[in-house]
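In what follows, every heavy atom counts, from backbone to side chain, and hydrogens, waters and symmetry copies are set aside. It should be emphasised that the depicted structure is a prediction, and the values quoted were computed from it without experimental measurement. A note on names: the letters A, B, ... follow the listed sequences, proteins ahead of strands, and every chain is numbered from 1.
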There are 2 protein chains.
Amino acid sequence: MSIVDRKERQRAERYDLIVAAARDLAEAEGWDAVTTRRLAGLIDYSQPVLYSHFKGKADIMAAVANGGFEELATRLRTQTAMGTPDVLRNVCAAYLEFARSQPVTYEAMFVLPTQIKFASADTPIALRATFAELLAALGPDRPSPELLAEVLWSALHGMVVLVQSERIPARGADVRLDVLVQSFGRQSR
Amino acid sequence: MSIVDRKERQRAERYDLIVAAARDLAEAEGWDAVTTRRLAGLIDYSQPVLYSHFKGKADIMAAVANGGFEELATRLRTQTAMGTPDVLRNVCAAYLEFARSQPVTYEAMFVLPTQIKFASADTPIALRATFAELLAALGPDRPSPELLAEVLWSALHGMVVLVQSERIPARGADVRLDVLVQSFGRQSR
DNA sequence: ACGCTAATCTAGCGGCGCTAGATATTCTGC
DNA sequence: GCAGAATATCTAGCGCCGCTAGATTAGCGT
């Protein structure tokens with residue numbers, strides 16, 4: 001079976017190569033610059049090879065997004081695991097930092113049209129985990145915790161995209177984070 | 001001068017016709033369906049005519065967005081003008097309702113790449129007005145009011161786009177609004 | 001009525017996502 | 001070792017996109 005194994009391994013490597021090339025090119029020049037022709041050129045294969053791995057360009061972007069879900073969940077978990085009193089602030093900061101450091105991956109995850117199901121039966125585990133971290137960061141004994149987490153997520157997401165699209169100035173991002181955390185923190189101060 | 005006048009008037013009418021056709025087609029089938037060829041067909045002119053009015057497709061979308069800024073500002077102003085005690089909630093509700101009723105106009109305004117300057121010297125008046133209404137709805141004597149308004153806007157925007165892209169369920173929108181208003185309202189309750 | 005300008009159209013460029021059919025490569029059985 | 005089958009890959013092309021140059025038409029002033 002070792003020949004078949006090797007083939008499968010090589011295929012998997014090429015799969016990863018494509019996803020990495022797509023992510024890197026997107027981070028460098030934006031998703032519009034990621035065309036199937038350029039991508040094929042980067043991996044030294046012809047266009048149709050891409051379609052033996054992926055259903056289409058959207059599928060490649062979804063693969064990049066999935067990698068992002070993993071990393072984001074990990075980053076957030078690191079913060080909640082620390083268990084410091086200002087978990088909420090740290091988790092929010094980690095979310096914003098992820099978006100800042102990998103804007104186009106973030107875009108693939110949360111902005112561009114996607115067929116990835118959210119809050120559904122076949123939602124990627126990492127994506128569920130991300131939401132769970134937000135939920136946890138808000139602390140126990142909250143009224144309608146899911147909805148609260150959704151609103152928190154909305155605020156974080158809004159800040160990310162409005163700053164990225166230069167509709168809100170980048171300046172003041174840290175103060176906005178303070179404001180947000182104050183608003184969503186327990187009001188028993 | 002009346003001949004020139006008539007020509008200018010007809011040109012202006014055709015301009016409006018194009019913008020309306022673009023908006024209607026987008027509302028019906030999404031922005032991807034708005035191609036210069038289809039648009040030209042809808043107004044019974046050939047493609048190049050579009051380019052005598054607009055620099056390109058992005059410019060047409062910007063025109064649709066500008067119309068949206070006017071309407072949104074008007075809608076929000078109506079709420080603040082009423083001066084009821086729960087202005088904040090009403091303004092937020094009006095914002096969400098605008099986005100719900102004209103999703104693709106909203107998309108052109110706040111999601112798609114734009115060359116419209118926000119918070120700049122040549123920001124459209126209606127856009128400034130919109131932000132001013134949010135600011136006013138939060139009430140006086142707030143610490144860092146601009147930043148607070150930016151965070152509120154972020155939360156509203158996040159809710160809009162995450163629901164529209166089906167990343168957050170449409171269900172519970174009203175409760176989320178309650179949560180948001182509670183969080184951003186004066187905590188002197 | 002006619003020449004000229006301005007308005008409009010026809011036709012086409014390069015690039016896009018994607019795919020059918022041809023070609024090259026690798027494996028299998030003798 | 002080698003023919004033929006199966007698989008992997010490529011070449012070439014389809015229909016679409018945004019956009020534009022150059023030909024053509026229409027309508028004005030004289």
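Between the CZ atom of Phe54(B) and the P atom of dT20(D) there is a distance of 15 Å, given to the nearest Å. Note: CG (Leu39(B)) to P (dC9(C)) measures 14 Å, nearest angstrom.
Looking at Arg38(A) and Glu29(A), a side-chain N of the basic residue comes within less than 4.0 Å of a carboxylate O on the acidic one, giving a salt bridge.
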| task | At under 4.0 Å between heavy atoms, which parts of nucleotides 5-18 of chain D does protein reach? Answer with one letter per nucleotide, 5' to 3': B base, S sugar-phosphate only, - none. | result | ----SBB-B---BB
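Remark: nothing in residues 21-29 of chain B comes within less than 4.0 Å of DNA chain D through any heavy atom.
Between Ser101(B) and Arg75(B), some side-chain heavy-atom pair lies under the 4.5 Å cut-off.
Note that CD1 of Ile168(A) is 9.0 Å distant from NE2 of His157(B), once rounded to the nearest 0.5 Å.
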| request: Quick one: do Thr35(A) and Arg37(A) satisfy side chain to side chain donor-acceptor pair (under 3.5 Å)? Show the steps, please. | output: CA-CA 5 Å; Thr35(A) 72; Arg37(A) 284 172 178 80; over 6 Å; no
| said: Using the rule given for ring pair (Phe, Tyr, Trp, His ring centres under 6.0 Å), can you reason through Phe69(B) versus Phe131(B), listing the C-alpha separation, both sets of side-chain angles and the distance that settles it, and then say yes or no? | reply: CA-CA 10 Å; Phe69(B) 291 136; Phe131(B) 191 75; over 10 Å; no
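Other residues, nucleotides and ligands contribute over 12 non-hydrogen atoms within 6.0 Å of the CD atom of Glu71(B). Counting non-hydrogen atoms of neighbouring residues, nucleotides and ligands closer than 6.0 angstrom, the CZ atom of Arg77(B) reaches no more than 12 such neighbours.
The hydrophobic cluster around Val49(B) extends to Tyr15(B), Leu17(B), Ile18(B), Val19(B), Leu25(B), Trp31(B), Val34(B), Leu39(B), Leu42(B), Ile43(B), Tyr45(B), Leu50(B), Tyr51(B), Phe54(B), Ile60(B), Met61(B), Val64(B), Val104(B), Leu112(B), counting ILVMFWY residues whose side-chain heavy atoms fall within less than 4.5 Å of a member.
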